[in-house]
Number of protein chains: 2
Amino acid sequence: MMYPANPIEHLQRYGIKPSPQRIAVMDYLLSSRVHPTADEIYTALSPSMPTLSKTTVYNTLKLLVEQGAVLNLGIDDRNARYDGDTTPHAHFRCLKCGTVIDLYPHQVEGLELLNHKQLGNLRIAETRLYYMGYCEHCQNTANNTMHMD
Amino acid sequence: MMYPANPIEHLQRYGIKPSPQRIAVMDYLLSSRVHPTADEIYTALSPSMPTLSKTTVYNTLKLLVEQGAVLNLGIDDRNARYDGDTTPHAHFRCLKCGTVIDLYPHQVEGLELLNHKQLGNLRIAETRLYYMGYCEHCQNTANNTMHMD
DNA sequence: TTTAACTTTGTAACGATTACAAATATAGAA
DNA sequence: TTCTATATTTGTAATCGTTACAAAGTTAAA
């Protein structure tokens with residue numbers, strides 16, 4: 001659903017100087033589509049980048065979000081989850097296992113109607129559509145607990 | 001936009017035994033439409049209910065959300081914000097002053113199309129639509145900072 | 001009343017995130 | 001190259017919203 005873009009080009013497109021740490025974080029977000037938390041990113045990158053600090057992951061994510069290169073999804077109460085795909089799409093979170101899944105316009109009837117630039121007196125900069133429910137796996141499983149809710 | 005329902009009836013409709021503290025929290029959520037944080041609720045109720053504990057506010061909000069009597073809006077990264085109106089509507093948050101505003105179906109074209117019960121293999125229990133941008137006041141003000149973002 | 005169940009309360013803990021200042025790396029000028 | 005200013009990264013300590021826990025208080029039914 002995404003062309004796994006070059007992380008360096010992606011960073012530069014948003015005016016971010018590509019350091020090794022930033023490239024690693026951006027690359028992970030572009031290739032992994034699991035909408036990881038900061039901690040999950042740190043854990044994933046740490047082995048291949050042993051000097052990486054968790055603060056750097058937080059700093060980098062903050063910068064990426066500020067510059068619009070990455071989305072900070074507000075779909076999970078517990079932690080921030082990040083998405084490297086900035087094209088318009090919605091998200092689903094499973095209330096049982098916590099998995100977050102992308103939903104693209106062709107999968108959600110009515111999605112393309114929502115990108116209002118103005119609503120009454122309000123100037124709109126960003127639109128977020130979240131669905132919560134049960135994924136296929138958790139519908140078919142009596143007991144399943146990864147990270148509950 | 002809401003009939004400020006009786007808090008006791010509202011609690012009972014959702015199977016919650018109405019204690020004085022629960023009534024106070026529910027009443028505040030039904031009448032104040034500012035989508036308060038737990039702390040704001042505590043601060044607002046504390047003067048007229050001096051023995052109230054902040055833990056009780058958290059406990060009560062947790063119960064109300066679990067029972068579906070109240071919505072925990074995920075629209076604000078910093079704190080949870082609560083909404084006593086459980087009818088389908090969207091929310092807007094101003095990126096400058098932080099105000100959260102209700103958007104009812106007649107104000108948002110396409111909103112009523114989104115209440116899918118099923119999306120592919122996913123069973124949907126809840127839908128959330130958030131808009132972020134600048135409210136009328138903050139569009140017309142050079143410098144305005146309540147709680148920044 | 002007595003008793004069991006429920007509710008509230010205050011304190012202490014938790015955990016995600018941020019502040020801060022020192023250490024390191026980078027890039028351009030000399 | 002070497003120097004120097006600037007940007008970046010790092011580790012530790014702090015912050016702050018929220019939750020755990022256990023004691024105290026309340027309620028309602030027997």
Side-chain angles (χ1 to χ4, degrees), chain A residues 7-8 11-12 14-28 35-67 69-70 72-82 98 100 147-149, chain B residues 7-8 11-12 14-28 35-67 69-70 72-82 98 100 147-149:
Chain A
I8 298 179
L11 291 172
Q12 287 170 336
Y14 289 93
I16 299 165
K17 189 162 32 159
S19 72
Q21 291 86 343
R22 290 170 183 173
I23 295 168
V25 170
M26 192 69 245
D27 187 42
Y28 187 69
H35 310 88
T37 64
D39 196 74
E40 284 164 358
I41 296 170
Y42 172 76
T43 302
L45 299 182
S46 198
S48 58
M49 196 177 243
T51 65
L52 182 66
S53 146
K54 198 178 280 190
T55 300
T56 298
V57 175
Y58 276 106
N59 289 344
T60 301
L61 289 168
K62 192 180 186 186
L63 177 70
L64 296 181
V65 170
E66 279 168 5
Q67 300 295 102
V70 157
N72 175 351
L73 304 182
I75 201 174
D76 187 337
D77 282 356
R78 302 194 199 298
N79 323 314
R81 296 189 162 273
Y82 297 89
V100 175
H147 26 110
M148 278 298 295
D149 209 78
Chain B
I8 298 180
L11 292 172
Q12 287 169 339
Y14 289 94
I16 299 165
K17 188 163 35 159
S19 73
Q21 290 86 344
R22 290 169 183 173
I23 295 169
V25 170
M26 192 69 243
D27 187 42
Y28 187 70
H35 311 88
T37 64
D39 197 73
E40 285 164 357
I41 296 169
Y42 172 75
T43 302
L45 300 182
S46 198
S48 58
M49 195 176 244
T51 65
L52 182 65
S53 146
K54 200 178 278 192
T55 299
T56 299
V57 174
Y58 276 106
N59 289 343
T60 301
L61 288 168
K62 193 179 186 186
L63 176 70
L64 296 181
V65 170
E66 279 168 5
Q67 299 296 100
V70 157
N72 176 350
L73 303 182
I75 201 173
D76 187 338
D77 282 354
R78 302 195 199 296
N79 323 314
R81 296 188 163 273
Y82 297 90
V100 175
H147 26 106
M148 277 301 294
D149 210 78

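Values in this document were obtained by computation on a predicted structure and should not be read as measured data. Below, read A as the first sequence line, B as the second, and so on, with proteins coming before strands; counting in each chain starts at 1.
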Give the intermediate values and the outcome of side chain to side chain contact (heavy atoms under 4.5 Å, CB included) for residues B:Asn72 and A:Asp77.
CA-CA 9 Å; B:Asn72 176 350; A:Asp77 282 356; 3.5 Å; yes
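Between the side chain of A:Arg81 and the backbone N or O of A:Leu73 there is no donor-acceptor pair closer than 3.5 Å. Checked by atom type and distance alone, the side chain of B:Arg22 never pairs as donor or acceptor with a backbone atom of B:Thr60 at under 3.5 Å. Side chain of A:Ser48 to backbone of A:Leu45: a donor-acceptor contact under 3.5 angstrom is found.
In this structure, B:Met49 atom CE and C:dT7 atom C1' are separated by 12 Å, rounded to whole Å. Put simply, CD1 on A:Ile23 is 10 Å from P on D:dT9, counting in whole angstrom units. Here the P atom of nucleotide D:dT26 and the NZ atom of B:Lys17 are 15 Å apart, to the nearest Å. Rounded to a whole Å, the CZ atom of B:Arg22 is 9 Å from the C1' atom of C:dT8. Rounded to a whole Å, the CG atom of B:Leu63 is 8 Å from the P atom of C:dT7. Rounded to whole Å, the distance from CG on B:Asp76 to P on D:dC16 is 15 Å. The nearest whole Å value for the distance from the CG atom in A:Leu64 to the P atom in D:dT9 is 10 Å.
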Using a 4.0 Å heavy-atom cut-off to protein, can you give one letter per nucleotide of nucleotides 10-24 of chain C, 5' to 3': B if the base is in contact, S if only the sugar-phosphate is, - if neither?
BB----SBBB-----
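Once rounded to the nearest 0.5 Å, the distance linking OG1 of B:Thr37 with CZ of B:Arg78 reads 12.5 Å. Note: B:Tyr28 OH to B:Met49 CE = 14.0 Å, rounded to the nearest 0.5 Å.
Heavy atoms of B:Thr56 sit under 4.0 angstrom from at least one base atom.
One finds a side-chain N or O of A:Ser19 lying less than 4.0 angstrom from the OP1 or OP2 phosphate oxygen of D:dT9. Side-chain nitrogen and oxygen atoms of A:Gln21 include none within less than 4.0 Å of the OP1 or OP2 phosphate oxygen of C:dA25.
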